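Just so it is clear, the model here is predicted, and its values are computed rather than measured.
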Amino acid sequence: QVQLVESGGGLVQPGGSLRLSCAASGSILSVNTMAWYRQAPGKRRELVAAITRGGSTNYADSVKGRFTISRDNAKNTVYLQMNSLKPEDTAVYSCYAELRYSGGYVSAAYWGQGTQVTVSS
């Protein structure tokens, strides 16, 4: 019924840039917090950046100054602009959204399938 579709992952060189997109589709009434998480091999999933519907943001210390999260509420889409990428940024990046769908009375959490970001020479 509700689906989060991610795009924009790929292979980039250190110092390069990449822009991830995640669009929520379905019978959505409202989208609250949207966020990007990442998980590297051997590590637990961590929050990269989050943004509320009103535009308040939160970033992991490791990406502050390099990554920017934004959203287009009209399109139910969240973006992650990643600049000055480092090899340690290599991970599977997953989209997260708290939203209310048609027929639902409370918000529910949804995850995208994940997109691979590899930073390597």
Side-chain angles (χ1 to χ4, degrees):
Q1 187 174 7
V2 175
Q3 186 177 14
L4 303 182
V5 180
E6 299 145 317
S7 62
L11 174 65
V12 297
Q13 295 182 326
S17 297
L18 209 59
R19 184 173 184 255
L20 305 182
S21 299
C22 173
S25 62
S27 300
I28 299 170
L29 297 180
S30 63
V31 181
N32 303 118
T33 297
M34 301 189 81
W36 289 96
Y37 287 76
R38 68 184 181 187
Q39 186 169 28
K43 298 182 179 180
R44 71 175 187 177
R45 182 178 293 176
E46 66 172 343
L47 175 67
V48 178
I51 184 169
T52 67
R53 183 172 180 83
S56 297
T57 59
N58 184 41
Y59 296 92
D61 289 339
S62 60
V63 306
K64 287 181 179 178
R66 299 188 298 121
F67 291 9
T68 302
I69 188 170
S70 61
R71 64 189 289 170
D72 185 335
N73 291 336
K75 298 180 179 180
N76 290 328
T77 300
V78 63
Y79 307 93
L80 185 67
Q81 179 66 46
M82 304 184 293
N83 299 326
S84 302
L85 283 163
K86 305 174 181 179
E88 49 263 46
D89 293 319
T90 296
V92 174
Y93 285 70
S94 299
C95 178
Y96 167 91
E98 294 178 356
L99 55 84
R100 189 163 68 90
Y101 55 91
S102 180
Y105 295 95
V106 297
S107 294
Y110 289 86
W111 290 90
Q113 78 284 354
T115 184
Q116 177 71 45
V117 172
T118 302
V119 185
S120 176
S121 299

So Val119 and Glu88, do their side chains get closer than 4.5 Å, heavy atoms only? no
Side-chain ion pair, Asp89 and Lys86, N-O less than 4.0 Å: no
Minimum heavy-atom distance Val117-Met82, with the two atoms named: CG2-CE, 3.9 Å
same_hphob_cluster(Val92, Tyr110) at 4.5 Å side-chain heavy-atom cutoff: no
Name every donor-acceptor pair, under 3.5 Å, that has one atom in a side chain of residues 9-33 and the other anywhere in the protein, sequence neighbours excluded.
| unit_1 | atom_1 | unit_2 | atom_2 | d |
| --- | --- | --- | --- | --- |
| Ser17 | OG | Asn83 | OD1 | 2.9 |
| Asn32 | OD1 | Ser107 | OG | 2.9 |

Would you indicate whether the side-chain heavy atoms of Thr90 and Ser120 approach each other to under 4.5 Å? no
Using the ring pair (Phe, Tyr, Trp, His ring centres under 6.0 Å) criterion, which residues pair with Tyr59? Sequence neighbours excluded. none
Please find the pair of heavy atoms, one from Arg45 and one from Ser94, that lie closest to each other, and give the distance. NH2-OG, 4.4 Å
Yes or no on side chain to side chain contact (heavy atoms under 4.5 Å, CB included) for Asp72 and Tyr79, after CA distance, side-chain angles and deciding distance? CA-CA 8 Å; Asp72 185 335; Tyr79 307 93; 4.2 Å; yes
What distance separates Met34 CE from Leu80 CG, expressed to the nearest 0.5 Å? 12.0 Å
Ser62 and Arg38: which non-hydrogen atoms are nearest, and at how many Å? OG-NH2, 3.3 Å
Closest non-hydrogen contact found for Gln39 with Ala91 is O-CB, 3.5 Å
Write down the atom of Arg71, the atom of Ile51, and the distance for their closest heavy-atom approach. NH1-O, 3.3 Å
Taking ILVMFWY side chains as joined if any heavy atoms are under 4.5 angstrom apart, and letting links pass through other members, which residues group with Tyr37? Leu47, Tyr96, Trp111
